[in-house]
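One structure below.
Each chain gets a letter, A, B and so on, in the order the sequences are listed, and its residues count up from 1. When reading the values below, keep in mind they use all heavy atoms of this one structure, side chains included, and skip hydrogens, waters and symmetry mates.
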Amino acid sequence: MRFSHLLLPTLKETPTEAEVVSHQLLLRAGFIRKLTTGIYIYLPLGLATLRKIEQVVREEMNRAGAQELLLPMVQPADLWEESGRWHKYGPELLRFTDRHDRPSCLGPTHEEVITDLVRREVHSYRSLPLNLYQIQTKFRDEIRPRFGLMRGREFVMKDGYSFDATEEAADRTYQKMNDAYHRIFRRCGLRFRAVEADTGSIGGSFSHEFMVLADTGEDTLVICTSCRYAANMEKATSQAPSAAPAGELRPLEKVETPGKRKVAAVAEFLGISPRELVKTMVYLADSKPVAVLVRGDHEVQPVKLKNLLGAVEVELATDQQVFDLTGVPTGYLGPVGLKLPLVMDREVAVLRNVVAGANEKNYHLRNVNPGRDFEAGQVADLRMVTVADRCPVCGSELELTRGIEVGHIFKLGIKYSQALKATFLDAEGKERPFIMGCYGIGVSRTIAAAIEQNHDKDGIIFPLPIAPFQAVVLNLSPNDGQITSAAESIYEGLRQQGFEVLLDDRDERPGSKFKDADLIGVPFRVTVGRKLAEQGMVEVRQRADGHTADLPFAEAVERLAEMIRAGLARYSIKNDE
RNA sequence: CGGGACGUGGCUCAGUCUGGUAGAGCACAGCGUUCGGGACGCUGGGGUCGGAGGUUCGAAUCCUCUCGUCCCGACCA
């Protein structure tokens with residue numbers, strides 16, 4: 001491709017609307033333009049990278065035995081009524097009526113459509129397993145779209161759905177997809193981790209998220225420093241506490257703590273550490289209040305609470321709501337004598353003689369003991385893991401790091417097949433619901449994640465497999481016949497070997513060409529300029545490490561071809577791996 | 001939904017408080033000089049100051065409404 005004919009509008013300055021680096025660079029490097037909130041145009045380079053990732057995804061999905069199809073974006077409401085999600089999904093689902101007043105929606109995901117298809121077309125265990133996927137534009141009317149391609153309303157997603165006859169077969173399919181996902185992100189050249197995750201609103205029995213590691217990620221991951229344990233913060237757990245220490249249970253004692261509401265203030269006032277204190281947090285679980293007890297130095301993990309209670313939504317009560325419910329201002333709440341359902345983190349259960357609110361303004365209680373002074377309805381792991389915790393599997397130290405979710409695989413079970421009555425006949429002629437799984441990859445988000453992970457002050461540093469071009473040839477003097485013909489011949493030579501090459505043939509100053517080449521992140525740069533006339537050499541520079549070498553013009557195409565092939569080989573995966 | 005900020009040429013922004021009829025840099029077009037890390041000079045084109053209404057002799061500037069964009073928050077007691 002010739003730069004002079006390419007729609008590649010690079011920007012010197014950073015548009016004010018872009019906050020995060022991937023968004024800034026995608027705009028500056030001429031990959032995307034915004035049409036409206038959360039909706040972006042893919043310019044030629046953006047599309048090139050999108051297609052690269054799609055191709056890796058396709059190859060690995062096909063290799064794992066999945067089949068590609070394409071489902072409609074517009075879906076009828078009746079299917080969503082049938083699954084129950086027409087009412088559950090909320091305003092993220094963009095609804096509208098067509099000219100015949102038929103309620104419809106834009107597909108944010110396709111469980112309903114695919115399940116409907118399979119229930120109509122597949123009736124026997126002999127047709128199973130079946131694994132179907134598509135790569136398609138999804139629409140979710142997000143409350144607050146932001147960060148460019150990271151959280152758009154319209155985005156490109158690979159979504160796959162599997163149908164198996166038995167739990168064991170479904171587990172094998174899940175494992176296959178897990179392997180395929182590892183191969184996909186390795187082949188894209190990204191540093192990532194697969195972590196255990198909460199199943200969230202999609203439901204199902206277990207799931208893993210694939211997280212691209214980047215400090216700017218929105219999610220926190222908990223990773224064991226020695227074994228393979230890794231989990232999303234919502235799901236992460238830690239080594240269970242050892243049993244409560246034996247010893248005297250001292251009598252309750254009420255102490256005045258004027259104006260001390262926060263854990264840190266109370267602890268300091270009483271001369272104790274925050275871990276000798278119990279916090280009482282009031283949550284509303286589907287509008288029903290519940291008090292949650294955690295140690296003073298811990299924080300409630302709302303998703304764990306939600307799962308324990310089987311609630312659809314939990315939220316922290318406001319100060320006013322707490323007062324209305326208990327007659328106690330926040331800061332002085334405690335479990336002793338509290339007239340609310342109680343649940344307790346397992347760490348609280350092993351505490352002895354601790355401090356808690358007295359349910360009276362300006363007073364706390366000393367020597368509170370679970371079991372003696374109060375009973376919790378349920379005891380469970382309800383808190384966020386911290387770096388002070390130990391790995392639940394091997395007991396080693398844990399590390400917290402940030403990541404961007406680019407893939408998510410779920411074992412769904414029979415949630416949708418049951419709701420939509422999608423069944424098959426097994427070998428005994430018995431009717432059974434399909435055991436389903438679903439598997440997503442945010443293809444457009446992966447571009448943003450790749451940039452968050454791989455950039456410097458000059459621009460993007462694309463991993464070779466997903467770069468829009470593998471090499472860029474800079475013709476520094478388009479008006480010089482010798483230089484121009486040399487640049488053209490290197491460009492043509494590489495193209496003939498099947499490489500994707502950009503030729504910068506613009507009548508621009510050299511500085512602009514260097515800057516643009518760095519900005520768009522092309523891995524190999526070939527500069528044809530005065531060194532050619534002086535020494536017969538061209539310069540090759542690698543974007544990632546800045547490594548530079550001069551090559552004789554006559555050997556340039558071959559040497560470069562070797563370098564690109566060697567570079568690509570580093571990301572390929574042998575079939576027996 | 002709640003809170004904050006901002007809408008001035010393609011981009012980044014000044015001018016708004018204190019009303020007097022629109023500016024800079026970049027980008028774009030032409031000419032000349034330049035040419036290995038975003039050059040320089042001269043000339044030129046381009047803006048109903050987001051929109052509507054109002055106040056005023058006069059509004060980018062003041063008032064009201066409206067649309068759009070960006071950021072923050074979903075309360076750790």
Side-chain angles (χ1 to χ4, degrees), chain A residues 9-20 23-24 27-28 30 33-39 90-91 143-148 257 259-267 274 277-284 291-302 305 313-323 326 328-335 338 345 355-359 361-362 364 382-384 457-459 474-480 483 504 506-519 525-534 537-539 541 546 548 550:
Chain A
T10 58
L11 267 28
K12 270 195 222 181
E13 291 176 280
T14 302
T16 41
E17 69 190 51
E19 178 83 355
V20 299
H23 189 193
Q24 294 173 347
L27 290 168
R28 284 195 53 208
R33 285 293 182 264
K34 184 175 73 176
L35 181 62
T36 183
T37 306
I39 299 181
I143 308 173
R144 187 142 91 88
R146 56 185 140 175
F147 306 150
T257 49
K260 308 296 179 193
R261 304 173 62 245
K262 302 256 176 194
V263 166
V266 175
L277 214 139
V278 168
K279 277 199 290 205
T280 306
M281 309 290 298
V282 177
Y283 277 82
L284 298 177
V292 185
L293 305 179
V294 293
R295 217 167 71 188
D297 58 332
H298 287 154
E299 293 185 6
V300 175
Q301 169 46 257
L305 178 65
E313 195 180 43
V314 299
E315 62 178 335
L316 198 59
T318 62
D319 287 356
Q320 188 59 49
Q321 286 169 328
V322 170
F323 189 80
T326 64
V328 180
T330 56
Y332 304 100
L333 238 46
L338 188 66
D345 181 64
V355 169
N359 293 322
K361 189 174 179 184
N362 294 336
H364 279 74
L382 289 175
R383 67 181 179 90
M384 305 255 200
K457 65 171 173 43
D458 294 316
L474 304 189
N475 175 354
L476 289 196
S477 302
N479 298 319
D480 179 307
I483 287 172
D504 194 343
R506 293 174 301 168
D507 186 14
E508 289 287 341
R509 297 169 60 82
S512 305
K513 299 188 182 187
F514 290 129
K515 288 290 185 191
D516 277 341
D518 285 346
L519 183 60
R525 185 186 80 192
V526 188
T527 307
V528 186
R530 65 169 182 231
K531 276 186 206 161
L532 181 75
E534 292 167 1
M537 304 291 257
V538 299
E539 179 194 278
R541 179 183 161 95
T548 306
D550 288 338

Using the side-chain hydrogen bond (donor to acceptor under 3.5 Å, both in side chains) rule, take A/R261 and A/T330 through it: C-alpha gap first, then chi angles, then the decisive distance, then the call. CA-CA 7 Å; A/R261 304 173 62 245; A/T330 56; 2.5 Å; yes

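Checking B/C65 for Watson-Crick or G-U wobble geometry (two distances, each under 3.5 Å) identifies B/G51 as its partner. Nucleotide B/C57 is matched to B/G20 when pairs are restricted to Watson-Crick or G-U wobble geometry with both distances under 3.5 angstrom. Across the strands present, B/G45 finds no partner; the criterion is a Watson-Crick or G-U wobble pair with both atom distances under 3.5 angstrom. The partner of B/A14 is absent, by the rule that a Watson-Crick or G-U pair needs both atom distances under 3.5 Å. B/C1 is paired with B/G73 under the Watson-Crick or G-U wobble criterion, all donor-acceptor distances under 3.5 Å. The partner of B/A39, taking Watson-Crick or G-U wobble pairs whose two distances both stay under 3.5 Å, is B/U33.
As rounded to the nearest Å, B/U12 and B/G30 have P atoms that lie 25 Å from one another. With both ends at atom P, the span from B/A24 to B/G38 equals 25 Å, rounded to whole Å. Between B/C72 and B/U34, the distance separating the two C1' atoms is 49 Å to the nearest Å. Nucleotides B/C62 and B/U16 are separated by 9 Å at their P atoms, to the nearest Å. Between the C1' atoms of B/U21 and B/C28, the separation comes to 27 Å (whole Å). If you take atom C1' in B/C11 and the same atom in B/G73, they sit 31 Å apart, rounded to whole Å. Going from the C1' atom of B/C70 to that of B/G50 covers 15 Å, rounded to whole Å. Going from the C1' atom of B/U61 to that of B/G54 covers 15 Å, rounded to whole Å.
Within 4.0 Å (heavy atoms only), A/V282 reaches at least one base atom of the nucleic acid. Within the 4.0 angstrom heavy-atom criterion, base atoms lie near A/K279. The residue A/Y283 sits close to a base: some heavy atom pair falls under 4.0 Å.
Within the 4.5 Å cutoff, side-chain heavy atoms of A/V538 are placed close to those of A/L532. A/R33 places a side-chain heavy atom less than 4.5 Å from the side chain of A/P9. Here the side chains of A/L519 and A/R28 are in contact, with some heavy-atom distance below 4.5 Å.
Between the side chain of A/K513 and the backbone N or O of A/R506 there is at least one donor-acceptor pair closer than 3.5 Å. Counting only distance, with no hydrogens or angles, the side chain of A/D518 and the backbone of A/G459 share no donor-acceptor pair below 3.5 Å. No side-chain donor-acceptor contact under 3.5 Å links A/R541 to the backbone of A/T548. Between the side chain of A/N359 and the backbone N or O of A/G334 there is at least one donor-acceptor pair closer than 3.5 Å.
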Base, backbone or nothing for each nucleotide of nucleotides 67-74 of chain B, written B, S, -, heavy atoms under 4.0 angstrom, 5' to 3'? --SSSB--

The contact string for nucleotides 35-41 of chain B, one letter per nucleotide 5' to 3', using protein heavy atoms under 4.0 Å with B, S and - for base, sugar-phosphate only and none, comes out as SBBBB--

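Of the charged side-chain nitrogens involved, at least one lies within less than 4.0 Å of a carboxylate oxygen, so that A/R525 and A/E539 count as a salt-bridged pair.
Rounded to whole Å, atom C1' of B/C75 lies 12 Å from atom CD of A/E299. Distance, A/Q24 CD to B/U12 C1': 13 Å, rounded to whole Å. Note: CE (A/M384) to P (B/C76) measures 11 Å, nearest angstrom. Between the CG atom of A/L27 and the P atom of B/C11 there is a distance of 11 Å, given to the nearest Å.
For A/Q321, the side chain to side chain donor-acceptor pair (under 3.5 Å) partners are A/T318, not counting sequence neighbours.
Mapping A/V294 and A/P15 onto RNA chain B via the closest heavy atom, the residue that lands nearer the 5' end is A/P15.
Taking each heavy atom of A/Y332 and A/H364 in turn, the nearest pair found is CD2-CE1, 3.6 Å.
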